[in-house]
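Residue numbering restarts at 1 for every chain, and letters A, B, ... go by the order of the sequence lines.
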Amino acid sequence: MNFTSRLLKWYNENKRDLPWRESREPYKIWLSEIILQQTRIVQGLAYYHRFLDKFPDIQALADASEDDVLSLWQGLGYYSRARNLHYTAREIAERYGGKFPDNYKDLLELKGIGPYTAAALASIAFNKPHATIDGNVTRVLARYFGITDPVNETKIKNQISEAANELIDPQLPGMFNQAMMDLGATICKPGKPSCNICPLNNECVARVKGIEEIIPVKTSKVKQRERFFHFFLLHTHNGNERLLLTEKREQNDIWKNLYQLPLIETPGVELTKKVMIQHPVLDRLISDNIPVIPEGRVQHYSHVLTHQRLQAFFYNIPLPSDYYPNFDGAYNWVTFGAFQKLGKPILIARFIEIFRDFFENK
DNA sequence: AATTCGGGGCA
DNA sequence: TGCCCAGAATT
């Protein structure tokens, strides 16, 4: 038996039972692929069900607001995926009559669909022979061929892609792709691969040479920067219910289009009055003689992202009753219930939970 | 070609 | 801590 038939035989006996494999609807395949970009299946699973439940078809997703989509995506990270998901749903609903293009080239034109996702859709939903190249496939083939060059270099990536597209079963391209990924995820794992039970162990160059644990080689080292965030929980009471002030993040930065508490970012840990009076909201409070100085600091979190280490400080600033001036732009007064429904960075969601009782007891 | 975009799980 | 995850878009 050759590579492909051994792989497919293994897959038929060992494949994982995953909900999106019960259907070949492009919408469901697409949704699962977007959710799973840079995301582990265990983490994405609940989101897949949640999205399908709330948006059972592409029209439902297209009809939703971006806020609703971002809210449902809360906690998954890489929020541009959610924005592009929503954008493309509308694109397909309006321009393509609700039907996905059925070929790799046209799929690639859609926002949020790159080489991997276009190949996944083309092969799984439309039975076209395009190999998916993800972290799993890269690892499997780098080991199988004993590639000791860095797999994150374009030249090597192209080699791996060519190899995968030669190995792919033109009759069962979707099955081949999923088999490669399953093998990478369950046998040919990053840490200690289970070579003893691998269907390809006889001919795997890395296995034969005993170098499976040093492949794949990668060169890129991520450099992190440190940032200091000061968030202000500003809240008042309008005689009927409590209100708090939100800010929408509209810049090209992390968490774009998510909601947070009014923020001042500083170059170092300290927060000076000088900086505070440059902030539209804080400046107004200070002018109105409302105490806002850091004695109200109530919480501190460190939060690690791929390229940033965040130090987040939170300040609790009670305001006089019925004091909720209008601010321009991205600021809005909302109830706790309304704030809960907005898509927020997980950092903010975690913090505000501390105040749930406070807000719910009026 | 290099950088940036989250968050969680695990050795 | 560092690495990885069914990557894509931007610089």
Which value, in whole Å, describes the distance between the P atoms of nucleotides B/dT3 and C/dC3?
16 Å
Measure the shortest side-chain to side-chain distance between A/I254 and A/L310 over non-hydrogen atoms and say whether it is less than 4.5 angstrom.
yes
Assign A/L18 to base, sugar-phosphate, or nothing according to its heavy-atom contacts below 4.0 angstrom with the strands shown.
base
Presence of salt bridge, A/E353 and A/R350, under 4.0 angstrom
no
Would you indicate whether the side-chain heavy atoms of A/F228 and A/L271 approach each other to under 4.5 Å?
no
When all nucleic acid strands are considered with a 4.0 Å heavy-atom cut-off, which category describes A/G112: base, sugar-phosphate, or nothing?
sugar-phosphate
Look at all strands and tell whether A/W73 reaches a base, only sugar-phosphate, or nothing, counting heavy atoms closer than 4.0 Å.
nothing
Between C/dA8 and B/dG8, how far is it from one P atom to the other, in whole Å?
22 Å
Could you check A/I41 against A/L108 and say which one's nearest nucleotide on DNA chain C is further toward the 5' end?
A/I41
Ring centres under 6.0 angstrom apart (A/Y301, A/F314):
yes
Taking only heavy atoms on the protein side, list every residue of residues 114-142 of chain A lying under 4.0 Å from any atom of DNA chain C, sorted numerically.
A/G114, A/P115, A/Y116, A/T117, A/D134, A/G135, A/N136, A/R139
In plain terms, say whether A/K15 and A/D182 are close enough for a salt bridge, that is, a side-chain N and a carboxylate O under 4.0 Å apart.
no
Base versus backbone protein contacts along nucleotides 3-11 of chain B [heavy-atom cut-off under 4.0 Å; B, S, -]
SBBBBB---
Is A/K9 salt-bridged to A/E13, going by a charged N under 4.0 Å from an acidic O?
yes
May I ask you to say what A/T154 touches in the nucleic acid, namely base, sugar-phosphate or nothing, with a heavy-atom cut-off under 4.0 Å?
sugar-phosphate
Could you give the start and end, 5' to 3', of the contact zone on DNA chain C for chain A, using atoms under 4.0 Å from its heavy atoms?
C/dC4 to C/dA9
Sugar-phosphate, base or nothing in reach of A/R309, heavy atoms under 4.0 Å
nothing
C/dA6 to B/dA11 separation - P atoms, rounded to the nearest Å:
15 Å
Quick note, salt bridge (Lys or Arg N to Asp or Glu O under 4.0 Å) partners involving residues 138-165 of chain A, not counting sequence neighbours, are none
Qualifying residues under ring-ring contact (aromatic ring centres under 6.0 Å, His included), relative to A/F229, sequence neighbours excluded
A/F231
Whichever of A/L36 and A/N84 has its nearest DNA chain C nucleotide further upstream toward 5'
A/L36
Listed partners of A/A122 passing side chain to side chain contact (heavy atoms under 4.5 Å, CB included), at least two apart:
A/Y104, A/L107, A/K128, A/H130
Tell me whether A/E360 is salt-bridged to A/R356, with the criterion being a basic N under 4.0 Å from an acidic carboxylate O.
yes
Can you tell me if A/D322 has over 12 outside heavy atoms packed within less than 6.0 Å of its CG?
yes
